[in-house]
Amino acid sequence: MDRIAANSAVVEATLADASALATPFLQTLVRLIRAQDSFGAWEKKSDVEILSDYVITREQRRALPIIGDPDPDILWRVEQYYAAIGLCIEKETGMVASPMMSMHHEGFGRVVLIAGRLVALSKLHRDLHRFGFDSLSVLAAEGAKLVAAAVEMIQKYSEVANA
């Protein structure tokens with residue numbers, strides 16, 4: 001009986017991930033990542049395979065050391081994540097939201113998205129070598145949440161953003 005319940009949980013997670021792939025944020029993230037593929041290495045990969053590096057289960061996260069330096073691949077993934085947030089903000093508001101990232105080599109730092117003269121989003125990170133999400137649906141939800149917060153900030157302080 002436990003095995004059936006476990007299999008149904010996997011099926012539900014797969015369905016949730018499939019619906020998450022249809023969200024505007026994940027579609028933007030996939031397009032942005034595919035645009036970086038200048039040699040066609042990811043051409044035959046599915047969207048799930050493209051985004052698989054963003055999914056880190058709790059068990060995988062526990063296996064990582066507490067202190068560690070982020071490698072260039074992780075830094076690139078974080079940059080792409082926030083660039084996708086910026087593109088979604090631009091699509092909703094018409095304002096260009098440029099991400100700026102300052103990370104220490106030990107994996108802590110800040111990412112800001114600036115729209116005009118307004119800091120539309122500010123996010124502090126630590127343990128960046130553990131950057132990831134439990135599933136694609138969590139990735140989609142977190143991205144959408146940050147986009148919504150930044151859009152709200154731009155709408156609230158539009159005179160600063162437009163200055």
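Predicted model, so just to flag it, every value in this text is computed and none were measured. As a basis for the values below, the full set of heavy atoms in this structure was taken, side chains included, without hydrogen atoms, waters or symmetry mates.
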Point to revise | Hydrophobic cluster of F108, others only, ordered by chain and residue number, side-chain cut-off 4.5 Å | key: none
**Study point:** N/O donor-acceptor pair under 3.5 Å between D127 side chain and R130 backbone
**Key:** no
Practice item. Quick one: pull up CD in E92 and CD in E152 and give me the separation to the nearest 0.5 Å. Key: 12.0 Å
Exercise for review: Kindly say whether A97 contributes a backbone atom to a donor-acceptor pair with the side chain of E90 at under 3.5 angstrom?
Suggested key: no
Review point. Should L29 and I56 be regarded as members of a common hydrophobic cluster, given that ILVMFWY residues are connected when their side-chain heavy atoms come within less than 4.5 Å of each other, either directly or indirectly?
Key: no
Review point. With the 4.5 Å side-chain cut-off for hydrophobic clustering, are V96 and V147 part of the same group?
Key: no
Check your understanding: Given side chains that start at C-beta, do those of I89 and M95 come closer than 4.5 Å, heavy atoms only?
Key -> no
Exercise for review: Find out whether L136 and L21 are in side-chain contact, i.e. whether some heavy atom of one side chain is under 4.5 Å from a heavy atom of the other.
Suggested key: yes
Check your understanding: Going through the distances and angles, do Q36 and W76 end up as a side-chain contact (heavy atoms from CB on, under 4.5 Å)?
Key -> CA-CA 11 Å; Q36 301 294 320; W76 182 81; 3.7 Å; yes
Review point. Around E159, counting heavy atoms of other residues, nucleotides and ligands shown, do more than 12 lie under 6.0 Å from its CD?
Key: yes
Exercise for review: Identify the residue among L121, L146, T93 that makes a side-chain contact (heavy atoms from CB on, under 4.5 Å) with V151.
Suggested key: T93
Review point. Which heavy atom of F25 sits nearest a heavy atom of C88, and at what distance?
Key: CA-SG, 3.8 Å
Review point. Distance from L26 atom CG to I50 atom CD1, nearest 0.5 Å?
Key: 12.5 Å
Exercise for review: State whether K45 and D37 are salt-bridged, where the test is any N-O pair (Lys NZ or Arg NE/NH1/NH2 against Asp/Glu carboxylate O) under 4.0 Å.
Suggested key: no
With a 3.5 Å cut-off and sequence neighbours excluded, list the donor-acceptor pairs that the side chains of residues 62-72 form with protein atoms.
| unit_1 | atom_1 | unit_2 | atom_2 | d |
| --- | --- | --- | --- | --- |
| D71 | OD1 | D73 | N | 3.2 |
| D71 | OD1 | I74 | N | 2.9 |

**Study point:** Residue list, ring pair (Phe, Tyr, Trp, His ring centres under 6.0 Å) with Y82, at least two apart or on another chain
**Key:** H125
**Study point:** ring-ring contact (aromatic ring centres under 6.0 Å, His included) pairs, two or more places apart, involving residues 133-163
**Key:** Y81-F133, F131-F133
Practice item. Using modelled atom types only, decide if a donor and an acceptor are shared between the side chain of S158 and the backbone of I154 within a distance under 3.5 Å. Key: no
Check your understanding: Who pairs with E142 by side-chain hydrogen bond (donor to acceptor under 3.5 Å, both in side chains), at least two apart in sequence or on another chain?
Key -> K145
**Study point:** Heavy-atom check, side chain of R34 versus side chain of D47, under 4.5 Å
**Key:** yes
**Study point:** Test side-chain hydrogen bond (donor to acceptor under 3.5 Å, both in side chains) applied to S135 - qualifying residues, sequence neighbours left out
**Key:** S137
Review point. Mind checking what makes salt bridge (Lys or Arg N to Asp or Glu O under 4.0 Å) contact with R61, not counting sequence neighbours?
Key: D134
Study note, to complete from the structure: Residue pairs passing the ring-ring contact (aromatic ring centres under 6.0 Å, His included) test with at least one member in residues 47-69, sequence neighbours excluded, are none
**Study point:** Shared-cluster residues of M100, by chain and number - hydrophobic side chains joined below 4.5 Å
**Key:** V112, I114, V119
Exercise for review: Enter the distance from Q80:CD to L87:CG here, rounded to the nearest 0.5 Å.
Suggested key: 9.5 Å
Exercise for review: Flag the pair V111 / M103 as yes when at least one side-chain heavy-atom distance between them is below 4.5 Å, and no otherwise.
Suggested key: yes
Point to revise | Interatomic distance, L51 atom CG to I33 atom CD1 [nearest 0.5 angstrom] | key: 5.5 Å
Check your understanding: Looking at residues at least two apart in the chain, or sitting in another chain, which of them share a salt bridge (Lys or Arg N to Asp or Glu O under 4.0 Å) with R77?
Key -> D53
Exercise for review: Decide yes or no for L75 and M101: does some side-chain heavy atom of the first lie under 4.5 Å from some side-chain heavy atom of the second?
Suggested key: yes
Point to revise | Set of residues satisfying side-chain hydrogen bond (donor to acceptor under 3.5 Å, both in side chains) with respect to R110, sequence neighbours excluded | key: S122
Practice item. For Q60, enumerate each residue passing the side-chain hydrogen bond (donor to acceptor under 3.5 Å, both in side chains) test, keeping only those at least two apart in sequence or located in another chain. Key: T57
Exercise for review: Kindly work out whether a path of hydrophobic side-chain contacts (I/L/V/M/F/W/Y, heavy atoms less than 4.5 Å apart) joins L32 to L139.
Suggested key: no
